[in-house]
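What follows is a single structure, written as structure tokens, with notes after it.
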Amino acid sequence: MNSTLFDAYVADEKKIEPKDWMPDAYRKTLVRQISQHAHSEVVGMLPEANWISRAPSLKRKAILMAKVQDEAGHGLYLYSAAETLGVEREDLYLDLLEGKAKYSSIFNYPTQSWADIGAIGWLVDGAAIMNQVPLCKCSYGPYARAMVRVCKEESFHQRQGFQIMLVMTEGSAEQKAMAQDAMNRWWWPALMMFGPPDGDSPNSAQSMKWNIKRFSNDELRQKFVDMTVPQAELIGLTVPDADLKWNEQTGHYDFGEIDWSEFKRVIKGGGPCNVQRLAACNKAWNDGTWVRQAATAYAEKKSSNATR
Ligand code: BYC
């Protein structure tokens, strides 16, 4: 295979598998995207885990624990998918711990109230699904297959978040105000999850040509707005955007300008919780050293017993 044949092969909707020939740049962009995605799943556990001990009922606690555990599982499928490209999970993870690797901007915001757990499930997982369903058709087989299961689980997460918001908006005036406050704080960061506008997205054109990305950042952002605004109306929440309006001609919602300076600041490490998130990941890694050592020693013992 060469680059021309490869391009024709992926354009024909065929899947690339780990042992197939692939251009170095294709491998590199996949390692970049899949590892950033894995890191996002792992760091994404932190804002929600903050509320496990304070969930308002045993049922909510059990649901939240299951959701957070799902995110850990997504991280594992994704690190495994990245490893099929010839990289080591530990190297990828050390890049995260050292602050060299990116993860989704959204997880650098704090979870201030229980309603934030609803807003994360509804808006953040909702945005994640919008972005990830097309990835089930990505040209790289292991990533596409990992995404199928991830999306099934994300869809449960989205519904549980919406249900939290629904219950709160039907509750006391104070509970409704909490839901609105969470909506106000999470709406714009959720729109930023889709990445920079198409004109400022250096990776999009090539990734779309290779069928890694199937829709552009702006297309997915628009789909998310169109899907979510009617849901907000249904539960009586106001989208915090004075410029939001239905456009009869385009058949889409027009929406206001995103503060891209905030996005840039957050991905450069200057968001409200960046320092805290990396500190938590480093602490977990250091506290878990003995577990990794014990697991390695056990695996070595088992394999030496097997060869005797
Ligand atoms: N945050 O050229 P672009 C989840 C970076 S969901 C931070 O458009 P690309 C979860 C981008 O990496 C969240 N960085 O890039 C949900 C690039 O930097 P580098 C994770 C961002 O890759 C609920 C630069 O900006 N989802 O995990 O073509 C609970 C230029 O951007 C962001 C995924 O990762 C951002 N929001 O498109 C728990 C989905 N946006 O690498 C967990 C898979 C952009 O050149 N990833 N950047 O230094 C993708 O679909 C794509 O990578 C993106 C960006 C659409 C995110």
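Order of listing sets the numbers, starting from 1, for every ligand and every atom in it.
Atom numbering of ligand 1 starts at 1 in the shown order; those under 4.0 Å from a heavy atom of Met192 are 36 (N). Of all the atoms in ligand 1, the ones that sit under 4.0 Å from a non-hydrogen atom of Gln132 are 6 (S), 26 (N). Taking a cut-off of under 4.0 Å to the non-hydrogen atoms of Tyr103, the atoms of ligand 1 that pass are 1 (N), 7 (C). Here is the list of ligand 1 atoms found below 4.0 Å of a heavy atom in Ser105: 1 (N), 7 (C), 35 (C), 36 (N). Residue-ligand proximity, Tyr143 to ligand 1, at heavy-atom distances under 4.0 Å covers atoms 43 (C). Near Ala128, meaning under 4.0 Å from one of its heavy atoms, ligand 1 places the atoms 6 (S), 16 (C). Taking a cut-off of under 4.0 Å to the non-hydrogen atoms of Ser201, the atoms of ligand 1 that pass are 2 (O), 3 (P), 8 (O).
When non-hydrogen atoms are compared, ligand 1 lies under 4.0 Å from neither the backbone nor the side chain of Ser207. The backbone of Phe194, and not its side chain, has at least one atom closer than 4.0 Å to an atom of ligand 1 (non-hydrogen atoms only; backbone = N, CA, C, O). Contacts of Leu220 with ligand 1, taken as heavy-atom pairs under 4.0 Å, are absent altogether. Both the backbone and the side chain of His37 come within contact range of ligand 1, each with a heavy atom under 4.0 Å. Under 4.0 angstrom from ligand 1, the non-hydrogen atoms of Lys213 all belong to its side chain.
For atom 5 (C) of ligand 1, the closest heavy atom belonging to the protein is Lys102 CD, 3.9 Å. Nearest protein heavy-atom contact of atom 23 (C) of ligand 1 is Asp125 OD2, 3.3 Å. The nearest protein atom to atom 15 (O) of ligand 1, hydrogens excluded, is given as Asn203 ND2, 3.3 Å; this is a heavy-atom distance. Here the heavy atom of the protein found nearest to atom 4 (C) of ligand 1 is Glu41 OE2, 3.8 Å. In terms of protein heavy-atom proximity, atom 50 (O) of ligand 1 is nearest to Asn131 ND2, 2.9 Å. When hydrogens are left out, the protein atom nearest atom 25 (O) of ligand 1 is Ile267 CD1, 4.1 Å; that is the closest non-hydrogen contact. In this structure, the protein non-hydrogen atom closest to atom 47 (N) of ligand 1 is Phe263 CZ, 4.1 Å. The nearest heavy-atom contact from the protein to atom 40 (N) of ligand 1 is Gly195 CA, 3.2 Å.
Look at Pro196 and you'll find a heavy atom under 4.0 Å from some atom of ligand 1. Residue contacts with ligand 1: Phe215 is excluded, as none of its non-hydrogen atoms falls under 4.0 Å.
The ring of Phe162 has its center no closer than 6.0 angstrom to the ring center of His157. Taking the six-membered ring for Trp, Tyr140 and Trp210 have ring centres at least 6.0 Å apart.
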Practice prompt. Tell me, with the steps shown, if Lys67 and Gln160 meet side chain to side chain contact (heavy atoms under 4.5 Å, CB included).
Written response: CA-CA 9 Å; Lys67 178 190 189 294; Gln160 68 86 38; 3.5 Å; yes
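In the hydrophobic clustering of this structure, Val133 does not group with Tyr77; members are Ile, Leu, Val, Met, Phe, Trp, Tyr whose side-chain heavy atoms approach within less than 4.5 Å, directly or through other members.
Closest to atom 38 (C) of ligand 1 by heavy atom, among Glu48, Glu71, Gln36, is Glu71.
For Asp198, the side-chain contact (heavy atoms from CB on, under 4.5 Å) partners two or more places apart in sequence, or in a different chain, are Ser216, Asn217, Asp218. Legend: residues meeting ring pair (Phe, Tyr, Trp, His ring centres under 6.0 Å) with Trp246, ordered by chain and number and at least two apart, are Tyr253.
The nearest protein heavy atom to atom 53 (C) of ligand 1 is not closer than 4.0 Å.
Distance alone, capped at 3.5 Å, places no donor-acceptor pair between the Thr29 side chain and the Tyr26 backbone. Panel note: side chain Arg221, backbone Met193; no donor-acceptor pair is recorded below 3.5 Å.
Between Asp181 and Arg185 there is a salt bridge, since at least one side-chain N of the basic residue sits less than 4.0 Å from a carboxylate O of the acidic one.
The aromatic rings of Phe224 and Phe194 sit tilted, their planes meeting at an angle between 30° and 60°. Note on ring orientation: taking the six-membered ring where Trp is involved, the planes of Phe263 and Trp260 are perpendicular (angle over 60°, cut-offs 30° and 60°).
No more than 12 heavy atoms of other residues, nucleotides or ligands shown are found within 6.0 angstrom of CE on Met65. The number of heavy atoms from other shown groups lying within 6.0 Å of CZ (Arg54) is above 12. Surrounding CZ of Arg159 are at most 12 heavy atoms belonging to other residues, nucleotides or ligands under 6.0 Å away. More than 12 non-hydrogen atoms from other residues, nucleotides or ligands lie less than 6.0 angstrom from CD of Glu233.
Between Arg32 and ligand 1, at least one pair of N/O atoms sits closer than 3.5 Å. Checking only distances, Val124 never comes within under 3.5 Å of ligand 1, N or O to N or O.
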